[in-house]
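Below: the structure, in structure tokens.
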Amino acid sequence: MALRFNSAYLKDFMAEHEIGALAPAVAAAHDALHNKTGLGNDFLGWVELPTNYDKEEFQRIKEAAARIQKQADVLIVIGIGGSYLGARAVIELLKSQMYNNLKKDTPDIYFAGNNVSPSYLQEILSICEGRDVAVNVISKSGTTTEPALAFRVFKKWLEDKYGEAAKERIYCTTDRAKGTLKELADRMGYETFVVPDDVGGRYSVLTAVGLLPIAAAGCDLDALMAGAKEAQEALANPCLAENDAYRYAATRFALYQKGKAMELLVSFDPCFVTMAEWYKQLFGESEGKDDKGLFPNAVTFSTDLHSLGQFIQDGSKILFETFMDIKKPKKDLYLEPDAQNFDGLNFLAGQDMSKVNATVMDATILAHTEGGVPCAVLEMPEISEHEVGYMIYFFEKACAISGYLLGVNPFDQPGVESYKKNMFALLGKPGYEDRQAALKAKLSK
């Protein structure tokens, strides 16, 4: 069993023929993707990545991860967007949201370079004091402001602590042949791994971008890639009725056409929180163009039922929900009866807590559908490397098809560059003087 799309709860919100009518458009999107004739076709390396990845580099990644585990108490992963979200999501999903607090034989992992908060950086530096540290800096160019600033700080910290030996603790994931970071790595003797030219950042978790930190956390890379390979093979079928990733994409598009503005990804385990952040980047950066696209958001139930649940149930009907139904938790807890029944909860005793959690999900789906909120379900057998690898590829494939159904390029991100240009101008980067003057005039009004 692998990740499965369940549309049973949508029958009151759309007819089956509405999905079937999209079959020609989905087939065209499939052909554009697999024949590399669609928008953004220079960035389709992820499609066959689970079978065509660099086996030599894959082995070097595992060897470097083993070396990091021996040399470091703390691994600092420096990157922003897709350069860190995928790795963090997989680690927290497979291990724990509280990974750094667990007893383990792998290093603590902290993520830097994804903001410009001085307090955040100082706190990580204080955590590193008195401990052995390694750094994995991830940037194709080496000049993206947030990670470049963080790397400058940690590079100096390592050199002050280890001197010449600092170079043995710095691992660079960057362009194969060019760029500021690649040139520095070659000059200093840092070990390097490749950000593929044909794989965009938000699709890069199954490349060295994500795999080195994931391996350093003790996750099984072979099983992760095997799951992705199974998904690549299973989801290559162009038939809408037989491809669950395509059915999910078509359903999202049909609900968008009906006026829904937001998709809410719902999970019932806190370990899924950062994976939901990865989903938000994947779909938001891929679809949000040309005044089109669903706004991707996420909640964790039952926690958020006591905050956003009221809006979802009774508020404006702008959204639909996609529930992640994880059939088998990583760990379970048997609920013992209490002789005094002081809290009145003995009606829950005599069963595993996972059954209570599953019942909360069922009750929520029923309540929300009755309240007029369409609910789809993605059924995941368990949380394991194999199933997570399958899920990652599933979402990537669905996202690409969704983008083509919308008529946008799912593989670029032109809007991201706007803030960068303004930031460079306002910070006084050479070459932005004219823009700086215009922006300062606007800010003074």
Side-chain angles (χ1 to χ4, degrees), residues 39-40 42-43 76-86 88 111-125 137-157 172-175 178-184 195 197 199-204 209 261-262 274 277-298 318 399 403 406-445:
L39 295 169
D42 289 340
F43 291 93
I76 306 297
V77 178
I78 298 174
I80 195 167
S83 293
Y84 92 98
L85 263 178
R88 183 169 184 172
F111 295 86
N114 50 70
N115 59 65
V116 287
S117 166
S119 300
Y120 180 87
L121 203 57
Q122 287 282 17
E123 288 163 5
I124 295 180
L125 287 166
V137 56
I138 306 164
S139 176
K140 191 164 179 63
S141 66
T143 58
T144 304
T145 304
E146 295 89 342
L149 273 174
F151 182 51
R152 173 180 285 209
V153 171
F154 278 100
K155 177 177 176 294
K156 182 179 185 302
W157 190 95
C172 299
T173 308
T174 187
D175 191 87
K178 64 182 186 300
T180 299
L181 184 56
K182 173 60 176 172
E183 292 170 6
L184 177 67
V195 179
D197 289 334
V199 180
R202 57 190 178 275
Y203 292 83
S204 67
V209 170
M262 178 189 298
T274 310
E277 293 298 309
W278 174 81
Y279 141 86
K280 284 157 66 174
Q281 187 202 1
L282 178 67
F283 281 90
E285 209 167 67
S286 297
E287 291 187 310
K289 292 147 197 173
D290 304 330
D291 298 323
K292 300 177 184 177
L294 287 160
F295 183 82
N297 212 334
I318 62 172
C399 184
L406 279 173
V408 302
N409 181 349
F411 309 111
D412 67 353
Q413 52 281 337
V416 177
E417 302 305 314
S418 298
Y419 98 89
K420 292 181 181 180
K421 292 175 182 177
N422 287 348
M423 176 180 66
F424 292 152
L426 291 171
L427 290 172
K429 185 173 182 177
Y432 288 82
E433 290 81 7
D434 291 343
R435 192 181 188 94
Q436 181 187 61
L439 292 173
K440 285 188 173 181
K442 289 182 179 180
L443 289 172
S444 66
K445 291 181 180 180

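Since the model is a prediction, treat every value here as computed from it, not as a measurement. These numbers come from the heavy atoms of this one structure, side chains and all, not from hydrogens, waters or symmetry mates.
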Is [Y] close to [X] at the side-chain level, that is, under 4.5 Å between some pair of heavy atoms?
X	Y	answer
Phe295	Ile318	no
Ile138	Ile80	no
Leu184	Lys155	yes
Leu121	Phe154	yes
Asp42	Phe411	no
Thr274	Leu85	yes

Does the Glu433 side chain pair with the main chain of Gly431, one donor and one acceptor, at a distance under 3.5 Å? yes
Check [X] against [Y] and note the closest heavy-atom contact, atom names and distance.
X	Y	answer
Ser286	Tyr203	OG-OH, 3.3 Å
Thr143	Ala148	C-CB, 4.2 Å
Lys292	Leu406	NZ-O, 2.9 Å
Asn115	Ser117	OD1-N, 3.0 Å
Asn422	Leu439	OD1-CD1, 3.4 Å
Leu282	Cys399	O-SG, 3.4 Å

Just verifying a value: how many Å separate [X] [atom1] and [Y] [atom2], rounded to the nearest 0.5 Å?
X	Y	atom1	atom2	result
Ser139	Glu146	OG	CD	10.0 Å
Ile78	Phe111	CD1	CZ	11.5 Å
Lys140	Thr173	NZ	OG1	11.5 Å
Tyr120	Leu125	OH	CG	11.5 Å
Met423	Lys429	CE	NZ	8.0 Å
Thr174	Lys182	OG1	NZ	8.0 Å

I need the single residue from Arg202, Gln281, Lys289 that forms a side-chain hydrogen bond (donor to acceptor under 3.5 Å, both in side chains) with Gln413. Which is it? Arg202
Assess whether atom NZ of Lys421 is packed by more than 12 heavy atoms of other residues, nucleotides or ligands within 6.0 Å. no
